[in-house]
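See structure below.
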Amino acid sequence: MRACVLTATGPDHLEITDVPDARVPQGGEVRLAIRAAALNHLDLFVAAGMPGSALQFPHVMGADGAGVVESVGPGVTAVRVGDRVFLNPGISDYSCEFCRAGEHSLCVAYKLLGEHLPGTMAELVTVPVANVALMPRLSPELSWGEAAAFSLVTLTAWRMLVTRAQLKAGETVLVWGIGGGVSLAAMRIAKLRGAKVIVTSSSDAKLQQARRLGADVTLNYQTQKVPQEVRALTDKRGVDVVVENAGEATWDDSLRCLARGGRLVTCGATTGPRVTLDLRRLFWHHWSLLGSTMGNAAEYAEIVRLLGQGQLRPIVDRVYPLAEARAAYERLAKGEQLGKVVVEVP
Ligand SMILES: [Zn+2]
């Protein structure tokens, strides 16, 4: 099968080439003929080399994907060959203590497609049937690219805001870096939940797009001091929830923006993982610092249900053919996008 693979550690080692087909599906598994895959920051980290990672090269890249069910393993009844589906890239063992409690993204054997397992940027991928969802009928019809772009960022942002931060209607949320997929999904989920959303970017063009997509307030973090602006906008109170995924570059300012009783929820450290914290401010202000990764099966079912109602339809930034997958990586690496960068598989 044709695939975008990593042949050695480092983004210079991304290649479009032929590799053996994804394996024949076993019990409870399906094999998909991929039509589109979407990129995430995860793909950049995998290409650059993750700490402790032990990839077998050539490694097929890509976490998110959508396509047609090509074959099914024994015992699969939820989908049939020919069904149009998209997938949840988080693969659990569905048997450990955390899975039995319904917390699949806390699974002790949690694996992500394209990170620990062969990914979606290929003509075929094999996954548990529990990880696929039927594409809803929408008007206008959901494209392959939109379907591929949906799962990872929407699931991540949903768990962060709804489950972890317990966001309520009428609260105010600060979202950093609105060009990023999780940030954009977080903004739209926060609006759907009736919150007021302040977003940041270094690009005025992206801030303008964010206003069109529902942002209440936009701040350019290169030309404006975000904590001062947030204090001014909230009568010195600060925001109820901060959505973080930058880490070192934004952490101190995130805390300066946080109200008493505020919740900071983070799913990433794109600018570095080491931050400092004055514990006196943490306890005095009754702050909650919350970590979050991906989401469980119930959360995934909920966002799929919302998509079926036409909510949270993904924003696709640009679509590249598989042959030009390296250009797609470069666009993401340069942070030029607003919305998801997609690779179509012919
Ligand atoms: Zn488990």
Side-chain angles (χ1 to χ4, degrees), residues 11 39-51 152-153 156-157 159-161 164-165 172-187 189-190 197-211 215 217-234 238-259 262-279 281-282 285 287-294 317 329-341:
L39 270 68
N40 293 285
H41 263 276
L42 173 69
D43 298 288
L44 301 181
F45 294 135
V46 170
M50 308 268 278
L152 189 146
V153 295
T156 300
R159 183 172 177 89
M160 288 174 82
L161 280 176
R164 302 290 283 142
T172 303
V173 184
L174 172 68
V175 180
W176 288 99
I178 198 58
V182 170
S183 299
L184 189 56
M187 177 188 89
I189 289 166
V197 189
I198 303 170
V199 307
T200 79
S201 173
S202 59
S203 153
D204 287 330
K206 286 185 190 178
L207 292 174
Q208 199 179 349
Q209 278 177 280
R211 280 195 292 276
V217 179
T218 59
L219 298 174
N220 186 320
Y221 61 73
Q222 261 177 1
T223 59
Q224 293 174 285
K225 288 195 163 59
V226 172
Q228 280 89 327
E229 295 290 340
V230 165
R231 291 280 158 192
L233 286 161
T234 56
V239 299
D240 302 289
V241 174
V242 176
V243 174
E244 255 286 346
N245 54 40
E248 284 178 17
T250 51
W251 181 264
D252 289 343
D253 280 350
S254 288
L255 294 180
R256 286 189 193 104
C257 292
L258 204 55
R263 294 91 79 198
L264 182 155
V265 59
T266 177
C267 70
T270 53
T271 63
R274 304 283 169 210
V275 296
T276 58
L277 176 68
D278 183 335
L279 285 172
R281 294 171 68 211
L282 173 69
H285 296 310
W287 284 339
S288 298
L289 306 180
L290 305 165
S292 196
T293 290
M294 299 294 287
D317 168 75
Y329 274 87
E330 280 164 25
R331 182 164 177 82
L332 186 64
K334 288 181 187 154
E336 290 169 343
Q337 82 291 351
L338 185 125
K340 299 297 287 176
V341 178

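Here the structure is a predicted model, which is why all the values come from computation and not from measurement.
A distance of 4.5 Å separates CG in Leu332 from CG in Leu44, rounded to the nearest 0.5 Å. Rounding to the nearest 0.5 Å places CG of Leu264 at 11.5 Å from CZ of Arg164. The distance from the CD1 atom of Ile189 to the CG atom of Leu184 is 10.0 Å, given to the nearest 0.5 Å. Put simply, OG1 on Thr234 and CD on Glu229 are 11.0 Å apart, with the number rounded to the nearest 0.5 Å. In this structure, CG in Asp252 is found 9.5 Å from CG in Leu277, a value given to the nearest 0.5 Å.
Between Ala215 and Val199 the shortest heavy-atom distance is CB-CG2, 3.8 Å. Between Val242 and Ser254, the closest heavy-atom pair is CG1-OG, 3.6 Å. Considering all non-hydrogen atoms of both residues, Ala48 and Pro11 come closest at CA-CD, 4.3 Å. Considering every non-hydrogen atom in both Thr271 and Ala249, the closest pair reads OG1-N, 2.9 Å. Closest of all the heavy-atom pairs between Leu161 and Val173 is CD2-CG1, 4.3 Å. Heavy atoms only, all atoms of each residue included: Tyr221 and Val226 are closest at CB-CG2, 3.7 Å.
With sequence neighbours excluded, no residue forms a salt bridge (charged side-chain N to carboxylate O under 4.0 Å, His left out) with Glu248. Every residue two or more places apart in sequence or in another chain that forms a side-chain contact (heavy atoms from CB on, under 4.5 Å) with Asn245 is listed here: Val182, Ser183, Cys267. Residues passing the side-chain contact (heavy atoms from CB on, under 4.5 Å) test with Ala185 are Val153, Ala157, sequence neighbours excluded. With sequence neighbours excluded, the residues satisfying side-chain contact (heavy atoms from CB on, under 4.5 Å) with Arg281 are Leu255, Arg256, Asp278, His285, Trp287. The side-chain contact (heavy atoms from CB on, under 4.5 Å) test applied to Ala269 returns Pro273, not counting sequence neighbours. Residues passing the ring pair (Phe, Tyr, Trp, His ring centres under 6.0 Å) test with Trp251, sequence neighbours excluded: none. With sequence neighbours excluded, the residues that form a salt bridge (charged side-chain N to carboxylate O under 4.0 Å, His left out) with Arg331 are Asp317, Glu336. Here Arg159 pairs with Glu103, Glu299 under the salt bridge (charged side-chain N to carboxylate O under 4.0 Å, His left out) rule; sequence neighbours left out.
Although no hydrogens or angles enter the test, the distance criterion places a donor-acceptor pair under 3.5 Å between the side chain of Glu244 and the main chain of Gly247.
The list of side-chain hydrogen bond (donor to acceptor under 3.5 Å, both in side chains) pairs with a residue in residues 198-211, not counting sequence neighbours, reads Asp204-Asn220, Arg211-Thr218. Applying the side-chain hydrogen bond (donor to acceptor under 3.5 Å, both in side chains) test to pairs two or more places apart or on separate chains, those with a residue in residues 40-50 are Asn40-Asp64, Asn40-Lys340.
Residues Leu219 and Val230 form a side-chain contact, since some pair of their non-hydrogen atoms from C-beta on lies under 4.5 Å apart.
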Item to check | Check against side-chain contact (heavy atoms from CB on, under 4.5 Å), Trp176 and Val243 | outcome: CA-CA 7 Å; Trp176 288 99; Val243 174; over 6 Å; no
